[in-house]
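Structure first, commentary second.
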Amino acid sequence: MDLNLSSAELAFRDGLRAWLGEKMNRGWQAEYAAIPEKAGQFEYLRAWQRKVYDGGWAGIAWPSEYGGRGASIIEQVIFTEEMARAGAPNLPGVLGLQLVGPTTITHGTAEQKERFLRKILSGEEIWCQGFSEPNAGSDLAALRTDAKLDGDHFIVNGQKVWTSYGWAADWCELVVRTDSEVPKHKGLTVLLVDMKSPGVDVRPLRQMTGETEFNELFFTDVRVPVANVLGKVNDGWNVAIGTLMHERATLGAGIQIVIKRSFERIVEIAKSLGKLTDPLVRQKLAQCYAEIEIMRLNQMRAYSKMANGGTPGPEGSIQKIFWSELNQRFQQVAQEILGPYGQLTKGSEYAIDDGVWSYNYLRSRGNTIEAGTSEIQRLILGHYVLGLPKSY
Amino acid sequence: MQFGLTEIQQLTKNSAREFFSAEYPIAEVRRIMETPTAHDASLWRKTAEQGWCGMTIPEAYGGMGSGLVEIAAAMEEAGRALVPGPLLAHLIATAAIAAGANEEIKNRVLPALAAGEKIATFADTTKLFVMDAAVADYVVAGPLLIEEFTATPLPAIDLTRRLYAIDFAGGEWLGDGIEHALAIGTTLLCAELTGGMQRMLDTTVAYVKTRKQFGKPVGAFQLVQALCADMLVATESARSATYFAAYALQEGLPEAMSAVSVAKSYIGDAARLTGNNAIQAHGGMGFTWENDIQLYYRRAKAGETAFGDAAYHRERIAQLVL
């Protein structure tokens, strides 16, 4: 056990810090907020990803032959943490960088890798994932979006839902049914779909926070070349599961820092409200601190295991359950500290931190649903980690 | 960066698993727990011969001088086997002597303690809840090393580790190693509890795979699976917290004290939750005397209150980080 960064890891971190110090505009939030349109704001973030790519900081753990840095997952985690710590803008191509890219590296053809990977890194092409459907959420393999072979194309018809970045995406990693005669897991295929294809319709989905973070995708007779099958036809379940495990295993690294910074902020607020002497508040804040620490430690253990030559496995569900339920408990503690001020939203002159706490409170309800509900994560642990009989 | 046991630490853990499960099978634990002191002198000697009793004593005084992560890994296995008697108390007391005493005292008392010929325990200022005092030759009480004391049994929940009220007139000045030793002891207790949690999880998973109702294993029911999944999350989290606390103390990191309190506050609650779920998933069997879960459940409750309960350690975290 050695939690010191190696000299290579230290050099990586210091190099990144120096680069951020030089290239990141500390006042970027004001610039960003001044852009009137959502599309314009997205272009601002895309330009930031281009800067990151040009600096050599995109695709840290990707092999260098695909334009990545060829470093270990530990450096990838250091990157994610440092970006969060610096309060850097989000990378808008995050789904490509963390999910679609690694899946393509594992399952893609030489032509697909050549065609797609560098543009994922640079942010030139943004990706979304077409996985969930109105009647296929936790039971993803029951999905019904249909793809029929017609010469050298598939004709796709169906509907996807909960698609992050759908409105901005150039491409979609789409899971479709190519065989309805076989057991449900065995008739799925993953297609790489150009979102500008005729017949693709994207509609925003307004969520309980009032925002439109997610979308619905409608596919009507969309033609997708057979060359855009990722992996093998009817082997889409294995390809998709690889993506989902990456999601569960790696999503937490940045979130850990975000929650930690949020925790430090609520401590400041509690102090300014004179609540830090209240034993009940002290107990609850200390409990949050302990759980945030344990979230960090669990992740470090999991990443170390992956760095020693593992791909993310079903135990990633432990991280998913831990961070999502912790964030919900933490947001409730924050609300209790803020009292009636906690409910104020953006625009109120009395709102603390411009109403972000009421937003965070509502948004955290999504945490135990997105990327697999807590219930399905527990069943995955029961079945795939503990070896209990399959119950669904 | 590597958060996991090194090859040597893993080897130590493996040999601890091998030794403790071979020498302390649960039938043997039950036999020893029925004796007046829950201590078996010949098994203790065997344990000492393997070096386990001298883990916190430097090599210069006949001990193993092991690093704390390695000791924690070994104590996780002791906890998994539910090793009865004074091993934990002895490790803490000898750590206090090694940390605080002058050379003369160390040379005089540590070699016999490392060899297991003598046994030590420790007490706080209340002189109550002292582990295994009836079989101990020394008590480390705050800054004092005491050889002359009386021990009155306090019948309590954990039958495998007896508690006593002690009384003494005075002792030899030892210095102030006790706070550091208590941090070490708290961490080793966390390691023991983690091992116990792992055993409760393993036992429960094995049981629900075989116990049938409605024509299928009860482990096929999702409510039962959720009980087990929560035990797994708690056990893995307990392990992460324990190893980090051990590492932070071993390396003298500035956050060592908060790391210990993070581990103890979390594990105090998590060990109880794991035990609750284990009993529940066993149904009526879980409530019987013959089922071994109750032994681990008793140990978990005793461990929850020892060295400060979760609320105590949360207040310590508040003092350190708020």
Side-chain angles (χ1 to χ4, degrees), chain A residues 1-6 9 72 74-75 77-78 263-264 267 270-271 276 279 281-305 307-308 315 317-319 321-322 325 374-375 377-383 385-392, chain B residues 1-6 9 67 69-70 73 201-202 204-205 208-209 216-217 219-222 224-233 236-241 243-244 246-248 250-251 253 255 258-259 261-266 269-270 310-311 313-322:
Chain A
M1 186 144 166
D2 181 4
L3 302 186
N4 295 309
L5 296 182
S6 70
E9 289 160 354
S72 80
I74 303 297
E75 271 108 347
V77 172
I78 293 171
F263 173 80
E264 285 160 3
V267 170
K271 193 178 235 171
L276 273 193
V281 169
R282 294 170 71 79
Q283 284 285 313
K284 290 186 176 190
L285 283 174
Q287 176 80 30
C288 290
Y289 177 87
E291 292 183 15
I292 294 167
E293 263 299 278
I294 290 170
M295 170 184 177
R296 177 177 76 91
L297 301 170
N298 279 343
Q299 286 179 354
M300 279 166 68
R301 260 179 80 212
Y303 294 136
S304 295
K305 219 169 149 188
N308 286 345
E315 63 282 353
S317 293
I318 294 174
Q319 320 304 335
I321 291 170
F322 203 96
E325 297 183 358
S374 284
E375 289 69 31
Q377 307 293 356
R378 285 183 167 81
L379 298 182
I380 288 168
L381 291 178
H383 182 62
V385 178
L386 297 176
L388 296 173
K390 195 148 188 190
S391 61
Y392 54 94
Chain B
M1 201 228 32
Q2 174 57 34
F3 192 128
L5 300 180
T6 62
Q9 289 160 350
V69 174
E70 194 174 337
L201 171 62
D202 293 345
T204 302
V205 167
V208 301
K209 281 179 185 172
K216 53 182 170 181
F221 293 100
Q222 298 194 341
V224 175
Q225 294 196 349
L227 289 176
C228 296
D230 284 335
M231 294 167 77
L232 174 68
V233 172
E236 290 299 341
S237 301
R239 187 169 286 123
S240 300
Y243 285 4
F244 180 65
Y247 176 81
Q250 175 184 296
E251 302 296 315
L253 301 186
E255 66 265 45
S258 68
S261 286
V262 163
K264 186 59 167 64
S265 67
Y266 180 80
D269 288 338
H313 282 280
R314 281 193 288 267
E315 175 53 30
R316 264 183 36 131
I317 292 169
Q319 286 169 18
L320 290 165
V321 307
L322 293 188

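Within every chain, numbering begins at 1; the chains are lettered A, B, ... in the order of the sequence lines, protein sequences first and strands thereafter.
Per-residue heavy-atom pair counts under 4.5 Å with chain B were compared for A/Asn4, A/Val281, A/Leu386, and the maximum is reached by A/Leu386. Most heavy-atom pairs under 4.5 Å with chain A: of the set B/Pro217, B/Ala311, B/Ala241, this distinction falls to B/Ala311. With chain B as the partner, the residue from A/Pro279, A/Gly382, A/Pro389, A/Ala270 showing the most heavy-atom pairs under 4.5 Å is A/Pro389. Contacts with chain B were tallied for A/Ile78, A/Asn308, A/Ile321, A/Leu276; A/Asn308 has the most, counting heavy-atom pairs under 4.5 Å. Between chain A and the options B/Val224, B/Leu253, B/Leu227, B/Val205, the largest number of non-hydrogen pairs under 4.5 Å is found for B/Val205. Residue with the most contacts toward chain B among A/Leu388, A/Val267, A/Ile74, A/Leu3: A/Leu3 (heavy-atom pairs, distance under 4.5 Å). Top candidate by heavy-atom pairs under 4.5 Å with chain B, chosen from A/Leu381, A/Val385, A/Leu297, A/Leu5, is A/Leu297. Comparing B/Ser237, B/Ala226, B/Gly219 by how many heavy-atom pairs each has under 4.5 Å with chain A, the most go to B/Ser237. Interface check for chain B: of the options A/Ile380, A/Leu285, A/Leu379, the most heavy-atom pairs under 4.5 Å are formed by A/Leu379. The most heavy-atom pairs under 4.5 Å with chain A, out of B/Arg239, B/Glu315, B/Arg314, B/Glu255, come from B/Arg314. Ranking B/Cys228, B/Ala238, B/Gly4 against chain A, the residue ahead of the rest is B/Gly4, based on heavy-atom pairs under 4.5 Å.
Scanning for side chain to side chain contact (heavy atoms under 4.5 Å, CB included) contacts around A/Glu375 gives A/Thr373, with sequence neighbours left out.
Looking at B/Ser265 and B/His313, their side chains never bring a donor and an acceptor atom within 3.5 Å of each other. Using a 3.5 Å distance cut-off with no hydrogens or angles, the side chains of A/Ser72 and A/Glu75 do pair a donor with an acceptor.
Both the backbone and the side chain of A/Gln287 come within contact range of chain B, each with at least one heavy atom under 4.5 Å from a heavy atom of that chain. Heavy atoms closer than 4.5 Å to chain B are found in the side chain of A/Glu293, but not in its backbone. Of the two parts of B/Ser261, neither the backbone nor the side chain holds a non-hydrogen atom closer than 4.5 Å to a non-hydrogen atom of chain A. Interface residue B/Gln2: backbone and side-chain heavy atoms are both found under 4.5 Å from chain A. Heavy-atom distances place no part of B/Gln250 under 4.5 Å from chain A, backbone and side chain included. Only the side chain of B/Val321 comes within contact range of chain A, judged by heavy atoms closer than 4.5 Å.
Here the CG-CZ distance, from B/Asp230 to A/Arg378, works out to 4.0 Å after rounding to the nearest 0.5 Å. Within the model, atoms CG of B/Leu201 and CD of B/Glu236 stand 8.5 Å from one another, a figure rounded to the nearest 0.5 Å. The distance from the OH atom of A/Tyr289 to the OG atom of B/Ser258 is 4.0 Å, given to the nearest 0.5 Å.
Under a cutoff of 6.0 Å and an axis angle of 45°, A/Lys390 and A/Tyr392 form a cation-pi pair. A cation-pi arrangement is present between B/Lys216 and B/Phe221, with the terminal nitrogen or guanidinium carbon under 6.0 Å from the aromatic centre and inside a 45° cone about the axis.
Considering A/Arg301, A/Met295, A/Arg296 in turn, A/Met295 is the only one that fulfils the side chain to side chain contact (heavy atoms under 4.5 Å, CB included) rule with A/Gln299.
Residues B/Lys264 and B/Asp269 are not paired through a salt bridge, judged by the lack of any N-O separation under 4.0 Å between the basic side chain and the carboxylate.
Residues B/Ala220 and A/Ser391 share a closest heavy-atom pair of O-CB, 3.0 Å.
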